[in-house]
Every structure is written in structure tokens, then in C-alpha cells.
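A short worksheet on the structure shown next.
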Amino acid sequence: MEKAIAAPSEPSGFLPWLREMVKEEIAPYPGRGVVVARMVIAATLTMIIVVTFRIRGGFEGALYAFLIARDTLQATLKSAIAVAVSYTLGVSFVLICAALFASHPSARFLWFAGSMFVVFFALDTFQDFAVATGFAIILVLALPIWQTTDTASHRVELTLWQALACIVGTVVTVVVEAVFRSVFPTNELIQGMDDRLAAVQKLVEAYAEGQDAPEELTNRLASYTMVGVSGLRRILARAQYERDYRDQLSAAVALTGRLIDLGASSARNPCQLQEGDSERLKRFAAQIGAIRRSLVESTIPEIQTESASRPSGIPLLPEMERTASLIPHVFVGQESIDAYFPSMLDEEERSGGFFKKDAFQNPAHIHFALRGCLAATLCYFTYEILHWRGIATSVTTCVLTALSNLGTSRQKQLLRVSGAVAGGLILGVGSQVFVLPYIDTITEFSLLFAAMTAVAAWFATSSQRLSYFGLQIANAYYLVTVSGFSFDPSLATARDRVVGIMLGLFMMWLAYHSFAKESAAEHMVEYFSANLRAVAGLALQPGSDPPESAMKRIRALRAEIGNNFQRVAAQSDAVPLEFGMDRTEAMANRALIKSWQPQLQTIYLEEVALMQHRVFGAEERLAPVVRAAQRRFNEACASLLIQMSDHVDGNIVEHWTDLDGPLADLSRIVDESSWDHHRFAAARGVEKLSRHIGHQLTGLSSDIARSRLRSTVG
């Protein structure tokens with residue numbers, strides 16, 4: 001493969017790599033300080049209210065500063081409303097079950113186990129992340145209350161106190177967000193993309209002036225490369241965008257990340273301009289500026305028709321131009337569809353629903369719930385048998401560690417354990433030993449709490465490699481220090497909570513990951529290959545099936561493709577945290593997949609646009625010869641995608657499908673035909689979109705054919 005997509009060199013050895021990785025992850029980047037400030041203020045205000053009014057369960061209220069989405073104020077408000085609904089559902093569920101089982105001590109174990117199954121099933125199947133989180137946290141806080149022998153009225157009161165703590169955390173977070181949004185009215189997703197594109201534009205402008213990349217700009221690009229775009233993907237995943245627009249933004253985010261990687265690599269390497277490079281670079285900088293304006297103004301970027309394949313004195317410039325030119329293409333589907341008929345393909349998706357579509361059909365959800373139930377129930381069984389209720393935090397830990405199902409077992413387990421040690425032992429117990437004995441006012445404690453929260457929030461705003469580590473620091477620290485309303489001179493309580501956290505982590509590892517042998521690199525390749533075949537299946541739709549069956553098949557394929565794109569990105573982020581004899585091969589595969597993924601996303605979006613012509617009767621406007629030529633092109637595309645999948649899987653492909661022939665036939669038939677204006681416009685639109693797809697598929701197949709993924713099976 002070309003050096004343009006090679007992975008950045010990394011220090012050899014675990015400790016040098018870890019030191020360099022942590023250094024780059026904690027480096028500041030534009031907007032990070034503001035996000036951390038919002039999280040610290042929201043968590044600290046929640047803690048002050050909880051301690052002042054002695055609200056039980058307040059540590060989880062403070063944690064909501066890390067859990068509620070904050071991409072836009074509207075999305076934050078919707079998230080808060082959804083959480084309020086989840087509180088109502090959770091409290092109602094607990095009280096109804098209490099009325100049925102609380103008076104029967106022999107049934108408490110089954111009640112607890114059944115409730116834990118419901119909790120983990122909800123985490124895996126609820127459409128809304130905020131609803132699933134709120135529902136799960138309320139249940140895990142309230143259930144231990146009903147395992148005691150207090151009076152029923154007292155237990156009801158304690159249950160409502162737990163709900164109030166979470167409500168306080170939600171309300172405070174929303175108010176803080178509203179204040180910040182009034183002062184800094186920005187869209188974090190668009191702002192994040194704009195900041196990254198602006199850095200690349202400055203690099204190109206410096207080159208155009210014959211200057212080397214400034215050191216500050218080089219460091220900024222390197223920081224963006226290490227942070228990646230996982231934070232932008234998380235914002236996008238929780239945003240309330242229409243399906244088509246969300247897919248387009250997802251592809252644009254991936255391409256922006258790819259452009260940043262190329263820019264950072266270029267900035268580190270010397271270059272010598274050739275004749276014509278200066279004007280070329282100025283045009284490229286103007287193109288990036290136009291893309292930035294279009295994103296900010298929510299308009300469709302103009303597609304550049306000039307070829308970007310000529311050699312240059314800057315080795316990575318052609319690849320950067322090609323990557324930037326793909327960004328307008330991801331929005332071409334919207335333009336093509338609206339030019340002929342309204343989009344109806346996602347009408348069903350827009351209606352929404354409480355559960356995911358496959359919630360009661362996919363056995364994977366049942367498996368996830370059973371494993372979570374096993375982990376939590378083993379924790380419950382352990383502390384009941386040992387009569388050690390101080391380690392009941394193990395159940396809370398089980399639920400909180402299940403909130404993120406991205407990454408791999410090794411990555412998550414490493415972040416969980418290290419986060420629990422850092423937050424519980426180092427910060428939590430360390431505070432109780434060295435700081436809290438000398439604090440006697442709420443002001444002093446608030447400053448300490450804010451400082452510790454800032455540490456957790458700073459890590460939580462890093463890339464996906466360490467963001468979960470920040471959440472675990474906050475969870476462990478809050479469990480140790482904010483569960484009471486006064487300083488406890490005994491370390492027994494802190495010890496019990498830390499032991500409970502570690503017990504919960506061990507049970508989650510036992511239930512979910514003890515038998516998992518696959519690596520992130522293997523899953524990354526597997527999901528990418530599966531997506532190639534899924535896009536191939538989409539290219540052949542609707543086929544000869546009846547309209548209703550075709551639409552169900554199309555929606556299922558689009559859901560599968562979208563999920564696979566997210567899985568590939570998540571596994572790619574997890575690869576650097578895995579170690580062993582095959583790490584070098586895994587990192588090389590990661591570099592290739594990261595370069596191919598944005599190209600496949602662009603192809604997918606253009607296939608969706610072309611498919612809408614077929615699904616909703618646009619082909620009726622075309623002559624039979626045009627429809628036949630279009631079908632031959634679609635079949636050729638599907639064949640080429642399957643061949644790419646075979647090559648990625650390690651199989652030998654003797655003959656690669658050539659798209660030039662089917663495209664030439666389609667163009668010739670359209671050019672030679674004489675129809676009325678509307679029919680010709682429809683045919684020309686189909687031909688133009690097909691040519692875009694053919695160009696992108698040819699480029700991707702060429703990249704894949706020149707490379708072979710290395711085996712990572714030890």
C-alpha cells in the first residue's frame with residue numbers, strides 16, 4: 001500500500017508507547033476546556049445540593065454530568081425529558097415488584113435476578129441511551145433498599161430519595177448547559193469538524209506560501225490525530241438527526257478524520273514544491289474553505305470536477321485532495337433525490353419506537369442480558385453469603401460498566417480496572433487519608449471535589465481509547481467520597497466500596513469476557529468485510545421482491561450497514577490498546593481499514609441515493625434499454641464489492657470486475673436517446689450518480705487489490 005495511508009510510527013515497547021499515548025491523549029485541543037468546565041460545574045453543583053439537603057444516592061446524581069448528551073441544547077433537553085421518563089418507569093417497576101415480592105423473603109433472590117435481567121435487557125434494547133441509563137441506575141440504586149428488613153414505608157421513602165438524587169443531577173446539568181449555550185451558542189459536532197478542517201486549511205495555505213508547517217500547527221494536527229473523531233461520533237450517535245442526514249454527517253466525520261491523519265503525516269515530513277504546486281495548493285485551500293462554509297451554513301458543498309491524481313512535491317497532497325473531494329459526494333444523495341421526488345425510504349425509521357427494531361428477535365440481546373444478570377446476581381449472592389453489605393457497590397459497578405458496549409473485552413477491562421484503581425484507591429482513599437481530615441467546610445470540600453472531577457472529566461473528553469477511563473474514575477471516586485454527608489474517619493467504608501467496585505469488575509469480566517478470545521483487529525476486519533457484502537446486497541435492491549418485502553429488506557440492510565460502520569470504528573479505536581506478538585500486524589491492518597472505511601461510507605451513501613430511484617418508481621421515467629443498462633451496472637458493482645470482501649478475507653481473486661464497460665454502455669444509451677425533457681433529466685441524473693459510484697468503487701478496489709491484510713491469529 002502507498003505510504004500515504006501508513007500508520008504513524010509508534011514507540012516500541014509497552015511503557016514508552018503508554019507514556020506517549022497518555023501524553024497525547026491529555027493534550028488540550030480547542031473546546032476541550034469548555035466541555036470540562038461544564039461537566040465540573042454541573043457535578044459540583046449537584047454535589048453541593050445533595051450534601052446540603054442530605055439527599056441519599058447523590059453520588060449517582062453527580063455522575064449525570066458525564067452521561068447526559070450535550071451536542072445541542074435541544075438535544076440536551078430531549079435527553080433530560082427522556083431521563084425523567086426513565087425515572088418514572090424505574091420507580092414504578094420497583095414499587096410494583098415490591099408489592100408482589102417484598103413480603104416473601106424466599107422470593108427476594110429471584111426478584112433481584114429477574115430485575116437485573118430487565119436492567120441489562122433495557123440497556124441493550126432501548127432506543128434512547130438516556131432512557132436506558134436512567135432506568136438502569138434507578139433500579140440498581142433502589143433494589144438493595146428492598147433487600148433489607150426495614151418497614152415498607154421507610155423503603156418507599158428511600159426509593160423516592162434515590163430518584164430525587166438523579167433528578168437533581170439531571171436538572172442541574174440541563175441548567176448549566178442552558179447557561180453555557182446562551183453564552184457559547186455553538187453546535188459541537190459542526191464546530192469540531194470545522195476546527196479540524198481549519199487546521200488542514202492552514203497547513204495547505206502555509207505550503208502554498210512556500211513555508212514549512214509551523215510547530216504549533218504540527219502539534220495541533222498531531223493532537224487531533226490522537227484524539228480522533230470518536231467524540232464527534234458519540235455526539236452524532238445521540239443527536240436527533242434524520243436518518244439520511246445522520247448517515248451523511250457520519251461519512252463526513254470519517255473523511256474529516258482521515259484528512260487530519262494525512263495532514264498530520266504531511267506536516268511531519270519535509271517537502272519541496274514543484275512547478276504548479278503553489279496555485280494547486282491555493283485552489284485546494286479554497287476548496288476546504290468552501291466545505292467549511294457549507295457545513296456551517298448547512299448547505300450542500302460544491303463538487304470539484306478537477307482531477308486530483310497528478311504528482312506533487314508534497315507526497316501526500318494527491319491523497320489529501322482525493323479525501324477532501326469525497327466530502328461533497330456524501331451529500332450528493334440528498335441533492336439527487338430531491339431533484340426528482342421526495343425521500344420516503346426512511347419513513348418508517350422516523351416514526352421511532354421505544355425499543356430497537358430487533359429487540360425481541362435478535363438472540364444477542366438475550367445473551368447480553370443473561371450475562372449481565374449473571375454478573376450482578378453473583379455479586380448479590382457474594383455479599384449476602386458473606387454478610388458484607390458494604391460491598392453492594394459491586395452491583396452498581398456492573399450496571400455502570402455495561403453502559404458502554406463499544407470496544408473489545410481487553411480494552412474495556414483494562415480501562416475499567418485502571419479507572420477503578422485511579423478513582424477509588426488513588427483519588428478516593430488518598431483524599432480520605434491526606435486531605436479530608438483537614439477539611440471542615442463545604443467550600444473546601446467543593447474545591448477538592450471539583451479538582452477530582454476535573455481530572456475525570458479531562459480523561460472523559462479524550463478519544464475513545466481513554467474516555468471510558470474518565471467515567472470510571474468519576475464513578476469510583478464518587479462511590480468512595482460522596483455516599484455520605486460527613487467525613488468518615490474510618491477507612492473501612494472506603495475499603496468496602498473499593499472492594500465492591502473490584503468485585504463488580506471481576507464478575508463482569510467473568511460473565512462477559514473470560515471466554516472471549518477474539519481480538520479487536522480480527523473483529524475490525526470481520527465487520528469491514530461483512531459491510532462490503534452488505535453494501536453489495538444493497539446495490540441489488542429491490543430486485544424482484546414485492547414492494548413491502550423489498551422495503552423491509554432495504555431497512556434491515558441499512559441498519560446492518562450503519563451498525564457495522566460503528567463497530568469498525570470502535571474496534572479500530574481499540575486495536576492500539578491490545579498487545580502481543582501480533583500487534584504490529586494488527587496496527588498495519590488498522591491503518592488500511594481506517595483509509596478504506598470513509599471511502600466505503602461515501603459509496604454507501606451514493607448507493608442509497610441511486611437505490612431510491614429504483615425503489616420509488618423513478619425507473620418508470622426511463623426507457624427499457626436504460627433500465628437494463630442500469631441493472632447491469634448494479635450487478636457489476638455488487639460483484640466488485642463481493643470480490644473486495646473476498647480479498648479482505650484473505651481469498652485469492654483471479655479476475656476483478658471492470659466497471660468501465662457497464663458505465664460506458666449506460667452513458668452511450670443516455671446520450672443517443674431522444675426523450676422529453678423530464679425523462680432525459682431523470683436518465684441523466686441516474687447516469688451521473690452511477691458514474692460517481694463507479695469512480696469511487698474503482699478507486700477503493702484498486703487500493704484493496706494492492707494491499708493484503710496480515711494475519712493476526714497467533
Side-chain angles (χ1 to χ4, degrees), residues 5-8 10 17 21 25 124 225-234 236-237 250-251 253-255 257-258 261 364 367-368 401-416 462-469 508-509 512-513 515-535 559-601 604 644-645 647-650 704 707-714:
I5 60 174
E10 300 195 30
W17 175 86
M21 186 268 289
E25 288 285 353
D124 206 38
T225 297
M226 298 312 301
V227 171
V229 293
S230 57
L232 300 182
R233 289 200 301 267
R234 284 197 301 273
L236 184 59
S250 177
V253 165
L255 289 168
R258 172 75 179 137
D261 291 342
H367 296 162
F368 179 88
T401 54
L403 291 179
S404 173
N405 58 5
L406 298 177
T408 63
S409 60
R410 281 176 270 182
Q411 177 200 18
K412 289 188 290 186
Q413 200 64 20
L414 175 63
L415 296 179
R416 288 167 182 167
S462 61
S463 75
Q464 194 165 319
R465 295 193 298 178
L466 279 185
S467 60
Y468 193 54
F469 175 72
M508 287 294 285
W509 171 82
Y512 282 93
H513 312 308
F515 301 105
K517 303 300 181 184
E518 300 86 354
S519 67
E522 293 172 4
H523 282 305
M524 175 185 64
V525 175
E526 174 189 341
Y527 290 135
F528 183 79
S529 176
N531 236 12
L532 286 169
R533 294 185 178 274
V535 175
E560 177 186 352
I561 292 169
N563 290 335
N564 281 341
F565 277 133
Q566 294 181 16
R567 290 166 179 163
V568 170
Q571 301 300 326
S572 174
D573 290 337
V575 168
L577 287 177
E578 296 192 331
F579 304 94
M581 298 293 292
D582 55 3
R583 187 175 187 272
T584 301
E585 289 76 10
M587 291 297 294
N589 291 349
R590 175 179 180 264
L592 294 175
I593 295 295
K594 285 188 68 176
S595 71
W596 297 338
Q597 168 102 329
Q599 298 180 60
L600 184 60
Q601 285 182 297
Y604 159 65
M644 285 188 269
S645 176
H647 187 81
V648 168
D649 290 338
I704 291 178
S707 308
R708 180 166 293 277
L709 297 177
R710 305 179 187 180
S711 173
T712 57
V713 179

Out of curiosity, [X] [atom1] to [Y] [atom2], how far, rounded to the nearest 0.5 Å?
{"X": "Tyr604", "Y": "Asn564", "atom1": "OH", "atom2": "CG", "value": "11.0 Å"}
{"X": "Trp596", "Y": "Asn531", "atom1": "CH2", "atom2": "CG", "value": "14.0 Å"}
{"X": "Tyr527", "Y": "Leu532", "atom1": "OH", "atom2": "CG", "value": "15.0 Å"}
{"X": "Leu600", "Y": "Phe565", "atom1": "CG", "atom2": "CZ", "value": "4.0 Å"}
{"X": "Glu526", "Y": "Gln571", "atom1": "CD", "atom2": "CD", "value": "9.0 Å"}

(Q) Going by side-chain hydrogen bond (donor to acceptor under 3.5 Å, both in side chains), name the residues that satisfy it together with Asp649, two or more places apart in sequence or in a different chain. (A) Ser529
**Q.** Gln597: side-chain hydrogen bond (donor to acceptor under 3.5 Å, both in side chains) partners, not counting sequence neighbours
**A.** none
Closest contact, heavy atoms only, [X] versus [Y]:
{"X": "Arg708", "Y": "Gly650", "answer": "NH1-O, 3.4 Å"}
{"X": "Val525", "Y": "Leu709", "answer": "CG1-CD1, 3.6 Å"}
{"X": "Ser645", "Y": "Arg533", "answer": "OG-NE, 2.9 Å"}
{"X": "Val568", "Y": "Met524", "answer": "CG2-O, 4.0 Å"}
{"X": "Ala254", "Y": "Pro598", "answer": "O-CG, 3.8 Å"}

(Q) Using modelled atom types and a 3.5 Å cut-off, is there a donor and acceptor pairing between side-chain atoms of Arg590 and backbone atoms of Ser572? (A) yes
Q: May I ask you to decide if Ser707's main-chain N or O and His647's side chain share a donor-acceptor pair within less than 3.5 Å?
A: yes
